[in-house]
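Structure, as structure tokens:
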There are 2 protein chains.
Amino acid sequence: MSPRARPHFCSLDAAMDVLSGKWKILILWELREQPRRFGELRRLVPGISEKVLVQQLRELEADGVVSRESHDGAQPRVEYSLTQAGLELTKALQPLTDWSLRYLVRV
Amino acid sequence: MSPRARPHFCSLDAAMDVLSGKWKILILWELREQPRRFGELRRLVPGISEKVLVQQLRELEADGVVSRESHDGAQPRVEYSLTQAGLELTKALQPLTDWSLRYLVRV
DNA sequence: CTGTATCCGATCTGATACTG
DNA sequence: CAGTATCAGATCGGATACAG
């Protein structure tokens, strides 16, 4: 769950908490241009288990960066997308990506 | 240690790895304006154990964002400071802090 | 003062099987 | 299709004692 039990020492700490989780960055990345269905995300994030995918999506949703929309019919169909906050978050991460390219070299 | 065993999927992922650790953000914050001695950091980061402080400092050092300088005499004396990469990293985190203030409200 | 060495519990992640 | 349930393994962080 998020906010996780841990207290925050500063606002940056709180933001990091939103991103803490092995796959969250990748999930946000896959949602950056369009909504994705659960099954799509499972394919786009190779190696993640269903349990963990659901869990990380729930946390991102609880933190207000992802929204979940369920269109149900004969076949269940659920779409996940970035909220405004989520979109702004991906933008706020750009300098960090640049820093990484400059100083970490390795990818 | 860092880079930790985990493979990275993108450069942002690599940057997040540098910051992953319960106290690293706080340690970087305390080093942002001046070098600090081990004992100072222990006091400035309340609640951290010596073991974990050393560990996180070693990882930050391995990732090239913190440098350690040992001036030894009768009393051991060690100073930690930000490298150029570390300083740039703190700057790259500013938009994330702003995002947090705008969208998370809580601190 | 600046660390090491242990041990332990909490948390996180993964594999697998199953359900509406 | 979109999840839940369960169990196990790995990793992380914390407490404490001790050392150079």
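Side chains are part of it too, since the values below use all heavy atoms of this structure and drop only hydrogens, waters and symmetry mates. Chain identifiers are assigned alphabetically (A, B, ...) following the order of the sequence lines, protein sequences preceding nucleic acid strands; residue numbering begins at 1 within each chain.
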Using the side-chain heavy atoms of A:P76, tell me which of these nucleotides is nearest: C:dG20, C:dG3, C:dT13. C:dG20
Check whether NZ of the Lys or CZ of the Arg A:R32 lies under 6.0 Å from the centre of the six-membered ring of A:W29 and within 45 degrees of that ring's axis. yes
What nucleic acid atoms does B:E40 come within less than 4.0 Å of, heavy atoms only: base, sugar-phosphate, or nothing? nothing
Of the nucleotides D:dG3, D:dA2, C:dG3, which one has an atom closest to the side chain of A:R37? D:dA2
In whole Å, what is the span from the CZ atom of B:R36 to the P atom of C:dC1? 16 Å
Sequence-distant partners of B:Q55, side-chain contact (heavy atoms from CB on, under 4.5 Å), two or more places apart: B:K51, B:E59
In whole angstroms, the gap separating P of D:dG3 from CD of A:Q55 amounts to 14 Å
Side chains of A:S67 and A:S81: donor-acceptor distance under 3.5 Å anywhere? yes
Interatomic distance, B:L57 CG vs C:dG3 C1' [rounded to whole Å]: 11 Å
May I ask you to evaluate whether B:R42 reaches the phosphate of C:dG3, defined as a side-chain N or O under 4.0 Å from OP1 or OP2? no
Could you state the atom-to-atom distance from CG of A:L53 to P of D:dC1 in whole Å? 13 Å
Taking only side-chain nitrogens and oxygens of A:R58, does any of them come within less than 4.0 Å of OP1 or OP2 of D:dG3? yes
Please examine the side chains of B:L31 and B:T90, heavy atoms only from C-beta on, and report whether any two atoms are closer than 4.5 Å. no
Using atom CD of B:E79 as one end and atom C1' of C:dC1 as the other, report the distance to the nearest whole Å. 13 Å
Verdict with reasoning, A:L44 to A:I27, per side chain to side chain contact (heavy atoms under 4.5 Å, CB included): CA-CA 9 Å; A:L44 291 167; A:I27 293 171; over 6 Å; no
C:dT2, OP1 or OP2 - any side-chain N/O from B:R43 closer than 4.0 Å? no
So do the side chains of A:L60 and A:Y80 get within less than 4.5 Å of each other, counting heavy atoms only? no
Measure all distances between protein nitrogen or oxygen atoms and nitrogen or oxygen atoms of nucleotides 14-16 of chain D, and list the pairs falling under 3.5 Å.
{"residue": "D:dG14", "atom": "OP1", "partner": "B:K22", "partner atom": "NZ", "Å": "2.6"}
{"residue": "D:dG14", "atom": "OP2", "partner": "B:W23", "partner atom": "NE1", "Å": "3.0"}
{"residue": "D:dG14", "atom": "N7", "partner": "B:K51", "partner atom": "NZ", "Å": "3.3"}
{"residue": "D:dG14", "atom": "O6", "partner": "B:K51", "partner atom": "NZ", "Å": "2.1"}

Side-chain contact, heavy-atom cut-off 4.5 Å: B:T83 with B:V66? no
Give one of base, sugar-phosphate or nothing for B:Q56, where a contact means two heavy atoms less than 4.0 Å apart. sugar-phosphate
